[in-house]
Amino acid sequence: MGFSIGTEHSVPTRMLALNLADGLSGRAKLEVIQWLLLSRAPRKALRDQLTGLLSAPATLGPCRLRRARFKPGRKLTAYYDALVHVEGTDGYRPRAIAVTWRSDRDEDQHGGTADLSGIQAEALRQGVAAPFRQLTADLPERSMHLEISPLDARFPQLVRLSDPRHVHDMLAGAYAASDRTPDQARPGRYAVTAIRYHPGQRHVLRYDRLDVAKGETVLAKLYTGEDGARAFRVAGRAADWLAEHGEGVTAVRPLAYVAEDAVVLYPRVVGAPLSERLQRPGAGVAECLERAGAALHALHHLPPAVAGPLKLHDFAAEVSEIAREASDHIPALLPSVGPAIEGLLARAGELHERLSPEPPTFTHGDFKSEHIWAAPGGFTFIDFDGCRLADPAYDVGKFLADLQLWFTAYDQEGLEQVQEQFLAGYAPRAPQERLLRARLYEAVQLVKIARRVPLFDRDWAALTKQVIRRAQAVMNDLELTLGLPATPSFLGFLDWSHNRHRTRRERRRQRCRKGAWG
């Protein structure tokens with residue numbers, strides 16, 4: 001679950017005097033960022049603002065912090081689920097909120113205002129803003145800006161896709177155009193919930209059918225331009241390929257692509273993601289890992305001509321992306337770690353030149369434990385949006401890095417064992433050189449996914465350093481395998497005393513689960 005901002009924290013008085021501009025600048029301090037995310041004053045300001053935007057008789061419940069992103073020198077954005085109760089209805093329903101603190105130098109801070117006004121007016125007309133009277137607000141004295149779903153200037157279709165009446169008509173058309181015969185005269189009435197609301201970036205909605213005993217769920221992913229058509233095509237062809245070659249592992253098959261709404265519709269995948277099982281490894285995990293490895297190997301043999309046009313992504317592009325974007329907040333908040341990241345990426349480029357290349361193949365592009373779903377009937381791969389032509393070692397290395405991150409987060413033993421179980425399924429049919437490159441990708445991907453450590457985790461600094469040290473350890477092992485001397489670490493020995501006396505149960509309780517590390 002997410003972190004509830006209804007929980008009290010002891011906040012030193014001096015924090016109130018910290019300069020917000022410095023906190024968001026290149027001189028950013030972790031204590032300022034965490035104060036904004038966790039402390040009483042900004043929490044109260046958010047709750048007061050949301051309460052003031054509600055129409056009676058609605059009540060604001062807990063606001064759960066789900067995710068945060070920091071762009072040094074520009075802005076800090078936090079994503080919440082605000083629980084709202086409307087009199088006469090049962091229970092609380094979540095409403096997605098995005099809160100942004102901007103620096104004076106953020107060039108985009110005034111963009112899209114006119115568009116937002118028009119979209120907000122449309123949301124009010126269609127009734128999808130309720131129970132809020134307004135979907136945006138500014139607190140200039142706190143450099144704070146709020147947006148409430150379904151408001152987004154870049155995705156204006158989010159308003160109509162949040163309207164149950166439009167959802168009914170859209171699904172009716174999608175089912176009529178498909179070969180599937182709807183059960184019980186689908187579609188019916190649907191409840192709409194935003195399960196991912198990131199204004200300007202991406203959105204996922206969940207449609208739950210209300211008028212049948214068992215219910216039914218459809219997921220809707222929004223796109224811009226031609227990205228939706230591409231995602232629909234690639235996901236369908238990956239599903240076809242795994243149905244024939246996946247050895248019992250399947251891929252989620254999209255229901256439809258609705259061009260006028262730039263949305264791809266997916267059925268709900270039954271089961272639970274592998275990431276949940278990794279929190280408590282036990283029976284069945286080894287089989288899941290081996291079968292996932294075998295299915296990934298099969299996926300790498302999907303002919304690019306069958307998948308259709310895909311972007312080419314090579315190692316140099318990956319390292320450049322990591323250096324430019326993925327880890328910009330880490331050196332700002334942990335200056336001592338910056339040289340370690342720079343040195344590791346430089347070493348990675350040198351090692352890559354020593355390894356034998358391989359022609360690019362079809363790759364998943366975002367292969368991680370959250371995208372492997374296990375159910376009694378089998379295993380399913382999801383989320384093919386990142387598919388590309390790349391070194392197949394990219395997917396393998398990313399998954400090995402993902403396993404490292406989960407075992408770091410939950411302070412568990414047995415990492416090497418689960419990595420070996422995955423490779424036992426993948427490696428028997430893979431060239432040895434590919435596995436060496438996979439270890440190199442594992443090292444650089446650890447740097448990249450270190451950003452998944454939640455900024456509002458009290459142990460953020462220690463955990464982030466630990467992830468970077470794991471990346472250095474992978475790099476050192478690879479250098480020794482290649483007969484090269486291991487390069488000395490830029491980071492000294494981590495101080496483990498902060499966590500030494502905390503039980504594993506206590507540490508796990510503090511972790512933000514179900515997406516906080518995604």
Side-chain angles (χ1 to χ4, degrees), residues 2 5 20 24 33 36-37 42-55 58 60-71 74-84 93-104 106-163 192-206 220-224 262-263 455-456 515:
I5 65 172
L20 179 61
L24 299 179
I33 300 301
L36 287 169
L37 295 173
R43 183 173 72 224
K44 184 178 185 302
L46 172 59
R47 292 190 60 84
D48 289 347
Q49 194 68 28
L50 290 175
T51 300
L53 296 177
L54 283 172
S55 299
L60 180 67
C63 296
R64 295 172 179 167
L65 177 58
R66 295 298 190 187
R67 189 176 299 238
R69 296 191 65 181
F70 175 49
K71 293 290 186 182
R74 292 186 54 203
K75 60 186 178 181
L76 168 68
T77 304
Y79 304 98
Y80 300 84
D81 280 344
L83 299 184
V84 180
R93 287 189 57 83
R95 192 62 172 269
I97 312 290
V99 181
T100 302
W101 293 268
R102 299 182 184 275
S103 73
D104 294 336
D106 184 8
E107 297 177 356
D108 297 329
Q109 60 179 318
H110 301 299
T113 303
D115 291 339
L116 287 179
S117 298
I119 294 169
Q120 178 176 253
E122 179 65 17
L124 290 167
R125 282 195 299 270
Q126 299 302 325
V128 295
F132 288 95
R133 297 178 290 100
Q134 190 173 313
L135 296 179
T136 183
D138 287 290
L139 283 76
E141 68 278 8
R142 294 183 179 272
S143 301
M144 188 173 171
H145 174 75
L146 277 68
E147 292 184 19
I148 303 172
S149 177
L151 189 69
D152 190 348
R154 188 164 182 247
F155 293 85
Q157 74 268 38
L158 182 59
V159 168
R160 60 180 179 270
L161 289 172
S162 301
D163 183 347
V192 180
T193 305
I195 60 176
R196 185 180 295 273
Y197 174 63
H198 291 179
Q201 298 174 33
R202 52 181 175 166
H203 303 284
V204 182
L205 301 173
R206 187 178 73 231
K221 298 184 72 173
L222 281 65
Y223 297 87
T224 58
V263 64
L455 280 166
F456 46 88

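When atom types are taken as modelled, the side chain of Y197 and the backbone of R95 share no donor-acceptor pair closer than 3.5 angstrom. Between the Q157 side chain and the T224 main chain, no donor and acceptor come within less than 3.5 Å of each other. Between the side chain of D152 and the backbone N or O of G200 there is at least one donor-acceptor pair closer than 3.5 Å. When atom types are taken as modelled, the side chain of R47 and the backbone of G61 share a donor-acceptor pair closer than 3.5 angstrom. T136 contributes a side-chain N or O that, together with a main-chain N or O of L146, makes up a donor-acceptor pair within less than 3.5 Å.
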Test C63 against I97 for side-chain contact (heavy atoms from CB on, under 4.5 Å), laying out the working first.
CA-CA 9 Å; C63 296; I97 312 290; over 6 Å; no
Can you list the steps and then say if Q49 with M144 is a side-chain contact (heavy atoms from CB on, under 4.5 Å)?
CA-CA 11 Å; Q49 194 68 28; M144 188 173 171; over 6 Å; no
Check against side-chain contact (heavy atoms from CB on, under 4.5 Å), W101 and L37
CA-CA 10 Å; W101 293 268; L37 295 173; 4.3 Å; yes
Do V204 and K221 pass the side-chain contact (heavy atoms from CB on, under 4.5 Å) test, and can you show the C-alpha distance, the side-chain angles, and the key distance before you say yes or no?
CA-CA 5 Å; V204 182; K221 298 184 72 173; 4.1 Å; yes
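Atoms CD and CD, from Q120 and E147 in turn, are 10.0 Å apart once rounded to the nearest 0.5 Å. With rounding to the nearest 0.5 angstrom, the OG atom of S149 is 13.5 Å from the CZ atom of R196. The distance from the CG atom of L36 to the CG atom of L46 is 12.0 Å, given to the nearest 0.5 Å. Interatomic distance, CD1 of I148 versus CG of L54, reported as 7.5 Å (0.5 Å rounding). Rounding to the nearest 0.5 Å gives a distance of 9.0 Å between CD of E122 and CG of D163. The OG atom of S143 sits 11.5 Å away from atom CG of L76, with the distance rounded to the nearest 0.5 Å.
Between V128 and S162, the shortest heavy-atom contact is CG1-O, 3.5 Å. Between A58 and V84, the shortest heavy-atom distance links the atoms CB-CG1, 4.3 Å. For L65 against A78, the heavy-atom pair with the smallest separation is CD1-CB, 3.8 Å.
Using a 4.5 Å heavy-atom cutoff, the side chains of L135 and I119 are not in contact. The shortest distance between side-chain heavy atoms of P199 and Y79 falls below 4.5 Å. Using a 4.5 Å heavy-atom threshold, the side chains of P156 and D115 count as separate. Proximity of H145 to D138: side-chain heavy atoms (C-beta onward) are separated by under 4.5 Å at one or more points.
Checking Q201 against R69 by side-chain atom types alone, a donor-acceptor pair falls below 3.5 Å.
None of L161, L205, L158 except one satisfies the side chain to side chain contact (heavy atoms under 4.5 Å, CB included) rule with V263; the exception is L161.
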